[in-house]
Amino acid sequence: MSKTVELIIDGKSYTFPVVEGTENEFAIDISDLRDKTGYITLDVGYKNTGATKSAITFLDGDKGVLHYRGYPIEELAERSSFLEVAYLLIFGELPTKEQFTKWESDITRRTMVHEDIKKILDGFPSTSHPMGVLSSLFCAQTAFYPESLNPNRPADGVYLSIIRSLGKMPTFAAWAYKHAVGHPVNYPDNKLDYCSRFLKMMFALPGQDYEVNPVIANALDKLLILHADHEQNCSTSTVRIVGSSKASIYSSISAGINALWGPLHGGANQEVIVMLENIRKDGGNIDKWIAKAKDKNDPFRLMGFGHRVYKNFDPRARIIKQAADNVLKDLGVHDPVLEIAQKLEEIALSDPYFVERKLYPNVDFYSGIIYRALGIPEDMFTVMFAMGRLPGWIAQWLEMRNNNEPIGRPRQIFSGKVTRPYVPIQNR
Ligand code: SDX
């Protein structure tokens, strides 16, 4: 592959360097395009534009490959744990036994939140969507830890923000749920592991013993691993661009939570279940809903299908589909929407509309079925995605900061009115 490319504009030749990644990806470095040519590029939705160089996650959308720091997602999902994967994503290497013991202890000792968080929580109506509550509680850490606002905070201070984020996220999530259902909140039981502690905060009731089902805790741990990072997706790009203004890690990640909330992104896992339930209530008329998804005059899309990068299969969807089968069998749960999902996938993948557009099930298509089997309510599904994606957001924010990347500020092509004189209101 050549090391440069040539661009000819109005007969004049310009040369730009080619950047090659460690996985044989190639990019044209156009950092000085405007200075050299006066032109910018236009790429609405950044479908062909690299925002950065990153060493964290590698995707190959054509081959259905997903690696975290070089480790295949299939191996990590099978053999690792969420906190170990979080360490890998953030620090770049799998931890030694001693490193992991300290890491887990540091996070466990930061699961409590300030009692004044309850006052913020009480300000939300119980009908609030938990994603809005979560992004507010997460950002409120800037008030309780104002030292986090220092953009030049030393590394040990940044580490403290990292372990606080990972320690408190499950507490914020569980408290948002308890507030929504009108139950008293539960305090974190630090004798338990990360997922068991969260489940107990979510589902324990006053005066009743709560035993965590290890099948549920293990399934949740695997789901969090599968959601932990995904290179420059919408919410991660949001975290990076907010952080590029030297905003704190808490406000950057709070912005990422809000970006993830959208139904085209992390909010899809909740919309998939709504869609499957609608199909079930409609007598399982899958062909009708496939036709709606293909109809350009119908805003309905097959939720949990399609992906900006994966044009073959989403490896996470394959793992989650298998896990859904196993978890429902282990728990003895029969969920009619699982059969509908499997039939929908089968029909869609044989339909030319989906095949031509390379639309396959994505991470959100089956995850909601597992969450439902674990007893997680629908409007908490995207909160679970946020809990999983937290270490990825942290790792990407840290990489952007450690690389001293400039503030993100894209250009535009103006398409509005050209210069015109002001007209007083009496003359309009
Ligand atoms: C996530 O980026 C990431 O990595 C995200 C994520 C992560 O881990 O962070 O993987 C998580 O967000 C997964 C995606 C969850 N969203 C959904 O399931 C919502 C449904 N899917 C889409 O709306 C859509 O597929 C996107 C948003 C995921 C991708 O959209 P693109 O890449 O902008 O593609 P597009 O909208 O330009 O679609 C291309 C064509 C269009 O048809 P034509 O105009 O060519 O005729 O495919 C069609 C679209 O109409 N299409 C669909 C469809 N998705 C795309 N048609 C019906 N149903 C769908 N789901």
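Indexing begins at 1, ligand by ligand and atom by atom, following the structure's order.
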(request) Return the residue, atom name and 0.1 Å-rounded distance of the protein heavy atom closest to atom 57 (C) of ligand 1. (result) Ala293 O, 3.6 Å

(message) Can you tell whether the side chains of Asp189 and Lys200 come within less than 4.0 Å, N to carboxylate O?
(response) yes

(message) Evaluate Arg409 against Ser244 for side-chain hydrogen bond (donor to acceptor under 3.5 Å, both in side chains), listing each step before the verdict.
(response) CA-CA 9 Å; Arg409 202 271 184 222; Ser244 73; over 6 Å; no

(request) Taking only heavy atoms of Ala268 into account, list the atoms of ligand 1 that are under 4.0 Å away from them. (result) 15 (C), 16 (N), 17 (C), 18 (O)

(request) Please write down residue, atom name and distance for the protein heavy atom closest to atom 12 (O) of ligand 1. (result) His265 ND1, 2.9 Å

(request) Please check if the side chain of Arg318 supplies one atom and the backbone of Asp314 the other of a donor-acceptor pair under 3.5 Å. (result) no

(message) Return the closest protein heavy atom for atom 14 (C) of ligand 1 as residue, atom name and distance.
(response) Asn362 ND2, 3.5 Å

(request) Answer with yes or no whether Val309 contacts ligand 1, where contact means a heavy atom under 4.0 Å from a ligand atom. (result) no

(request) Would you mind checking if Glu405 and Lys53 are paired as a salt bridge, meaning a charged N to carboxylate O distance below 4.0 Å? (result) no

(request) Specify whether His227 and Tyr371 have parallel, tilted or perpendicular ring planes, treating 30° as the upper limit for parallel and 60° as the lower limit for perpendicular. (result) tilted

(message) Considering Glu271, His227, Arg357 one by one, which has a heavy atom nearer to atom 45 (O) of ligand 1 than any of the others?
(response) Arg357

(request) Before accepting this row, confirm whether a basic side-chain N of the pair Arg280/Glu277 lies closer than 4.0 Å to the acidic partner's carboxylate O. (result) yes

(request) Kindly determine whether Arg240 and Glu399 satisfy salt bridge (Lys or Arg N to Asp or Glu O under 4.0 Å), including the steps that lead there. (result) CA-CA 9 Å; Arg240 284 184 85 120; Glu399 182 179 69; 3.0 Å; yes

(request) Output yes when the distance from some N or O of ligand 1 to some N or O of Met303 is under 3.5 Å, and no in every other case. (result) no

(request) Would you mind checking if Arg308 and Glu231 are paired as a salt bridge, meaning a charged N to carboxylate O distance below 4.0 Å? (result) no

(request) Output yes when a protein non-hydrogen atom is found under 4.0 Å of atom 39 (C) of ligand 1, and no otherwise. (result) no

(message) Can you classify the ring geometry of Trp175 versus Tyr187 as parallel (below 30°), tilted (30 to 60°) or perpendicular (above 60°)?
(response) perpendicular

(message) Does any part of the side chain of Val85, heavy atoms only, come nearer than 4.5 Å to the side chain of Pro391, both counted from C-beta?
(response) no

(request) Answer side chain, backbone, both or neither: which part of Leu359 comes under 4.0 Å from ligand 1, heavy atoms only. (result) side chain

(message) Under 4.0 Å between a side-chain nitrogen and a carboxylate oxygen: does that hold for Lys47 and Asp43?
(response) no

(request) Could you tell me whether ligand 1 has any atom less than 4.0 Å away from a heavy atom of Lys47? (result) yes

(request) Give the contacting part of Glu231 toward ligand 1: side chain, backbone, both or neither, where contact means a heavy-atom distance below 4.0 Å. (result) neither

(request) Consider ligand 1: state whether an atom of it lies below 4.0 angstrom from any non-hydrogen atom of Gly304. (result) yes

(request) For the pair Glu345 and Lys321, find out whether any cationic side-chain nitrogen is under 4.0 Å from an anionic carboxylate oxygen. (result) yes

(message) Any heavy atom of Arg389 closer to ligand 1 than 4.0 angstrom?
(response) yes

(request) Distance to 0.1 Å, residue and atom name: give those for the protein heavy atom nearest to atom 6 (C) of ligand 1. (result) His307 NE2, 3.7 Å

(request) Indicate the ring-plane relationship of Phe91 and Trp103, choosing parallel, tilted or perpendicular according to the 30° and 60° boundaries. (result) perpendicular

(message) Are any of the N/O atoms on His230, whether in the backbone or the side chain, positioned under 3.5 angstrom from an N/O atom of ligand 1?
(response) yes

(request) Could you tell me which atoms of ligand 1, counted from 1 in the order shown, lie closer than 4.0 angstrom to a heavy atom of Gly306? (result) 25 (O), 28 (C)

(message) So is Lys296 touching ligand 1 or not, going by heavy atoms under 4.0 Å?
(response) yes

(request) Specify the protein heavy atom at minimum distance from atom 2 (O) of ligand 1: its residue, its atom name, and the distance to 0.1 Å. (result) Asn233 CB, 3.5 Å

(request) Identify the protein heavy atom lying closest to atom 15 (C) of ligand 1, giving its residue, its atom name and the separation to 0.1 Å. (result) Asp364 OD2, 3.2 Å

(request) Kindly indicate whether atom 28 (C) of ligand 1 is approached by any protein heavy atom to under 4.0 angstrom. (result) yes

(message) Give the atom numbers and elements of ligand 1 that come within less than 4.0 Å of a heavy atom of Arg308.
(response) 29 (C), 31 (P), 32 (O), 33 (O)

(message) Residue-level breakdown please: for Tyr353 versus ligand 1, do any non-hydrogen atoms fall below 4.0 Å on the side chain, on the backbone, on both, or on neither?
(response) side chain

(message) Heavy-atom pairs closer than 4.0 Å: do any link ligand 1 to the side chain of Leu302, the backbone, both, or neither?
(response) both

(request) For the residue pair Leu76 and Leu88, establish whether any side-chain heavy-atom pair is separated by less than 4.5 Å. (result) yes

(request) Give the numbers and elements of all ligand 1 atoms closer than 4.0 Å to a heavy atom of Arg316. (result) 7 (C), 8 (O), 10 (O)

(request) Using a 4.0 Å heavy-atom cut-off, say whether Arg301 meets ligand 1 through its side chain, its backbone, both or neither. (result) both

(request) May I ask you to decide if Ala228's main-chain N or O and Tyr68's side chain share a donor-acceptor pair within less than 3.5 Å? (result) yes

(message) Please check this pair: side chain of Ser81 against backbone of Glu84, looking for a donor-acceptor N/O pair closer than 3.5 Å.
(response) yes

(message) What protein heavy atom lies closest to atom 20 (C) of ligand 1? Include the residue and the distance to one decimal.
(response) Phe305 O, 3.4 Å

(message) Below 3.5 Å, N or O to N or O, backbone or side chain included: is there any such pair between Leu264 and ligand 1?
(response) yes

